[in-house]
2 protein chains.
Amino acid sequence: MILKPTESELEIMQILWECGPLTVRKVNDLLNQQRRVGYTTTLKIMQIMAEKELLTRDTEHRSHVYTPTLQSEEVQSTILDHVLKTVFKGSRSNLVMQALGNHSVAKEEMEEIRLLIKKMEDKEDGIL
Amino acid sequence: MILKPTESELEIMQILWECGPLTVRKVNDLLNQQRRVGYTTTLKIMQIMAEKELLTRDTEHRSHVYTPTLQSEEVQSTILDHVLKTVFKGSRSNLVMQALGNHSVAKEEMEEIRLLIKKMEDKEDGIL
DNA sequence: TAAAAATTACGAAATCTTTCGTATGTAATT
DNA sequence: AATTACATACGAAAGATTTCGTAATTTTTA
């Protein structure tokens, strides 16, 4: 992904990742459960996203149906890399420490993380 | 911190955290090692930051000297919380997994993280 | 001391994003 | 068939951020 999505674009992608391909109407309804926003506003942003190819749309039926072109993991990774670079001067461990420090994480999730780390240490023992 | 700093503001804060209290001239010189930007642009942004109280300035001498009011950790935490909420639907472990997955981290840093996790598990055994 | 250089203040243009009104057309309802 | 509801397209206003030109002032240099 070249472009970092804007906040509004991200909101819409979240909804589409969660609830599958949707019409503008559906997206706007879900969006309005979070905050008040007009229908044509949502329409406009989704049209722009389609132009940018952040979404594809099926124009077969009267109500177009939109799908995100990127997977959530790709966008998460892009954004996290940007934060890593601009906020943590590239230090991944500082980012992780900040993310974990003084916060509670469910036991199972913590276990998942612990296992991932173990696997990484086994694999890349001593390596950068 | 109430407000998320803009990208430009963040760039400047990074420089000030790294290189201590500086004049606009110094900040602009350092900034120009990364990208081309005019002196008055940097000045303007730093003046706005002072208004917002992201920076304090010593106006004793002709060249004002600016200092960040927030520590880097505070801003890192604020921004990471925002990303957590808007990009990872609040799942801290997903964020951490994404930050670690498929990336290399120096052995010592990894060890640091491992220790932190161990400490957290000991302290909050079984708790949220 | 006069000219040049450096600094702050300020306003406004340029750019990016969000917002929505209006026009237009199609489907559903009466 | 006429009216109402619903959809897209489009342009432009509103808002936020970045950019920089210019004026006014002070310091430095020649």
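A note on names: the letters A, B, ... follow the listed sequences, proteins ahead of strands, and every chain is numbered from 1.
Atom pair B:Leu31:CG and D:dT18:P shows a separation of 11 Å (rounding to whole Å applied). If you take CD of B:Glu60 and C1' of C:dT7, they are 16 Å apart, rounded to a whole angstrom. Taking atom CE of residue A:Met49 and atom C1' of nucleotide C:dC16, one finds them 16 Å apart after rounding to whole Å. For the pair B:Leu43 CG and D:dT25 P, the interatomic distance rounds to 17 Å; values are reported in whole Å. With rounding to whole Å, A:Lys52 atom NZ is found 5 Å from C:dT17 atom P. Atom CG of A:Leu10 and atom C1' of C:dT17 are 14 Å apart (whole Å). C:dT19 atom C1' lies 14 Å from atom CD of A:Glu9, rounded to whole Å. Nucleotide D:dT18 holds its P atom 15 Å from the CG atom of B:Asn28, rounded to whole Å.
The side chain of A:Glu7 approaches C:dT18 more closely than any other nucleotide in the set C:dT18, C:dA9, D:dC20. Of the listed nucleotides (D:dT19, C:dT18, D:dT8), C:dT18 has the atom at the smallest distance from the side chain of A:Ile48. Closest to the side chain of B:Ser8, from the set C:dA9, C:dA27, D:dT19, is D:dT19. Side-chain proximity of B:Thr6 to C:dT26, D:dT17, C:dC10: nearest is D:dT17.
In this model, no side-chain donor or acceptor of B:Arg25 finds a partner on the base of C:dA6 within 3.5 Å.
Within 4.0 Å of A:Thr41, counting heavy atoms only, lies at least one base atom of the nucleic acid. Contact annotation for B:Thr40: base contact, defined as any heavy-atom pair under 4.0 Å involving a base atom.
Contact check, A:Arg35 against C:dT19: a side-chain N or O comes under 4.0 Å of OP1 or OP2. The phosphate of D:dA9 (OP1 or OP2) has a side-chain N or O of A:Gln47 nearer than 4.0 angstrom.
Taking NZ of A:Lys118 as the start and CG of A:Leu115 as the end, the distance is 8.5 Å to the nearest 0.5 Å.
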Item to complete: Kindly determine whether B:Trp17 and B:Val75 satisfy side chain to side chain contact (heavy atoms under 4.5 Å, CB included), including the steps that lead there.
Response: CA-CA 11 Å; B:Trp17 284 325; B:Val75 176; 3.6 Å; yes
Practice prompt. List the steps and the verdict of side chain to side chain contact (heavy atoms under 4.5 Å, CB included) for A:Met97 and B:Gln76.
Written response: CA-CA 11 Å; A:Met97 301 279 283; B:Gln76 286 171 352; over 6 Å; no
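A:Ser77 contributes no side-chain N or O that, together with a main-chain N or O of A:Glu73, makes up a donor-acceptor pair within less than 3.5 Å.
Checking each of B:Lys4, B:Lys44, B:Lys52 against B:Glu9 for a salt bridge (charged side-chain N to carboxylate O under 4.0 Å, His left out) leaves exactly one that passes, namely B:Lys52.
Residue B:Tyr39 is the one, among B:Tyr39 and A:Ile45, whose nearest nucleotide of DNA chain C lies closer to the 5' end (criterion: closest heavy atom). When each of B:Lys44 and A:Arg57 is assigned the nucleotide of DNA chain D bearing its nearest heavy atom, the one mapping closer to the 5' terminus is A:Arg57.
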